[in-house]
Engineer: 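Before we start, here is the structure in question, set down as structure tokens.
The residues of the chain are indexed from 1 along the displayed sequence.
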Amino acid sequence: MKKYNIGILGATGAVGKEMMKVLEERNFPVENIRLFASSRSAGKKVFFKGKEYEIEEAKKGIYEGIDILLGAVENEQAKEFIPSAIENGVVVIDNSSAYRMVDDVPLIVPEVNSEAVEAHKGLIANPNCATIIGLVAVNELNKYSEIERMIVSTYQAVSGAGSGGITELNAEIKAIAEGKDFTMETFPYQIAYNLIPQIGGFDEKGYSSEEMKFQNEGRKILNNPKLKVNCTCIRVPVYRSHSESITIEFKDKIDAEKAREILSKADGVKLVDDPQNKKYPMPLDTSDQDLVYVGRIREDISNDEGKGLTLWCCGDQVRKGAATNAVQIAELLIKKRNDIK
């Protein structure tokens with residue numbers, strides 16, 4: 001089997017570390033791996049497949065010889081480093097939102113639109129974590145009958161804000177238990193024992209940037225420019241795995257029984273839908289794995305035409321919502337042998 005030289009940009013962050021883990025778990029054919037991070041982390045040693053590697057400082061123009069670069073940095077760093085990698089013939093799979101809505105950059109969820117990988121010009125974007133989880137949950141239903149409208153509420157874990165989110169939740173819980181004061185750095189308000197109905201900045205209509213990603217990215221991934229999405233994103237004091245309540249309006253009639261039949265066979269989905277026996281998706285059950293759990297499927301009683309469903313889904317946003325999705329895209333690349341040296 002041909003092996004590939006892999007790079008990870010942002011290798012010391014939560015998603016970068018998970019990318020290394022997923023590459024190893026999935027036995028990705030790695031010839032050599034180079035790990036890039038900020039100057040603060042340069043020189044540190046990490047292990048991959050039992051071999052020690054040294055973290056390199058991320059700079060422009062140092063990515064020659066890499067076949068696939070997995071990006072796990074913020075927008076500013078992505079815009080700074082990715083163009084020079086592409087100029088050196090590297091295919092980049094970027095987890096930031098910097099290039100997601102650029103017309104000629106494929107935005108891919110492998111279970112949904114794997115064919116889009118063939119259109120890349122050196123850069124492929126990894127969608128937002130909540131978008132990935134939600135679209136995996138509804139994709140096969142959309143194939144049965146086109147989705148026209150979605151009302152979505154997301155309940156997003158603190159790890160979605162990076163390792164700082166976990167640290168802050170832990171520190172607050174400890175401080176509250178000990179009756180001590182604490183300061184907020186990652187989140188604008190106390191997150192322990194609280195919910196914060198804001199992720200990202202607000203636009204003139206009162207929707208946050210995170211909320212608009214679901215509609216904008218969903219339209220591109222599903223190739224449906226008319227898709228309507230009304231989304232509310234909430235940060236919750238859960239360590240890992242995002243949860244979503246989704247009400248869907250379809251073009252045609254569909255009932256809950258048919259939806260369960262479809263989802264029981266859906267790629268990337270685990271059907272967990274037996275509420276009478278208290279079986280439904282929960283963040284604790286979906287963490288540290290790659291399937292999106294779907295349950296609480298029921299007909300929308302507010303839709304008089306029988307074209308509506310409501311469901312609940314959960315998925316690990318660090319893995320399927322970020323790292324695993326990126327590695328799956330890399331697997332598509334090598335399967336297609338598309339512009340990979």
Engineer: Nearest 0.5 Å, what's the CD1-CD1 distance between I93 and I108?
Structural biologist: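 I93 CD1 to I108 CD1: 8.0 Å, rounded to 0.5 Å.
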Engineer: Under 4.0 Å between a side-chain nitrogen and a carboxylate oxygen: does that hold for E217 and R100?
Structural biologist: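 Counted as a salt bridge, because a side-chain N and a carboxylate O are separated by less than 4.0 Å.
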Engineer: Can we call the ring centroids of Y63 and F36 under 6.0 Å apart?
Structural biologist: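 When the ring centroids of Y63 and F36 are compared, they turn out to be within the sub-6.0 Å range.
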Engineer: Between E257 and R260, is there a salt bridge with N-O shorter than 4.0 Å?
Structural biologist: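 No.
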Engineer: Any side-chain heavy-atom pair from P237 and Y193 closer than 4.5 angstrom?
Structural biologist: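 No, side chains not in contact.
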Engineer: Does this structure show an ion pair linking E118 with K336, if we count only N-O contacts that are shorter than 4.0 Å?
Structural biologist: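 The answer is yes: the pair qualifies as a salt bridge.
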Engineer: State whether E25 and R319 are salt-bridged, where the test is any N-O pair (Lys NZ or Arg NE/NH1/NH2 against Asp/Glu carboxylate O) under 4.0 Å.
Structural biologist: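 Salt bridge flag = yes for R319 with E25.
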Engineer: May I ask you to say whether E18 pairs ionically with R240, meaning some side-chain N is under 4.0 Å from a carboxylate O?
Structural biologist: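 Salt bridge between E18 and R240, a charged N being under 4.0 Å from a carboxylate O: yes.
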Engineer: Looking at V92 and A85, what are the two nearest heavy atoms and their distance?
Structural biologist: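 In terms of heavy atoms, the two residues are closest at CG2-CB, 4.0 Å.
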Engineer: Tell me whether R34 is salt-bridged to E56, with the criterion being a basic N under 4.0 Å from an acidic carboxylate O.
Structural biologist: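 The answer is yes: the pair qualifies as a salt bridge.
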Engineer: Quick test of your reading of the model: are K44 and E54 salt-bridged, counting only N-O distances below 4.0 Å?
Structural biologist: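 A salt bridge is absent here (no side-chain N lies under 4.0 Å from a carboxylate O).
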Engineer: So which atom in M184 and which in Q190 form the shortest heavy-atom distance, rounded to 0.1 Å?
Structural biologist: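 For M184 and Q190, the tightest heavy-atom pair comes out as CG-N, 3.8 Å.
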Engineer: In plain terms, say whether K258 and E261 are close enough for a salt bridge, that is, a side-chain N and a carboxylate O under 4.0 Å apart.
Structural biologist: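 Here K258 pairs with E261 in a salt bridge, since their nearest N and O are under 4.0 Å apart.
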Engineer: In terms of side-chain geometry, is the basic nitrogen of E331 or K335 positioned less than 4.0 Å from the acidic oxygen of its partner?
Structural biologist: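 The answer is no: the pair does not qualify as a salt bridge.
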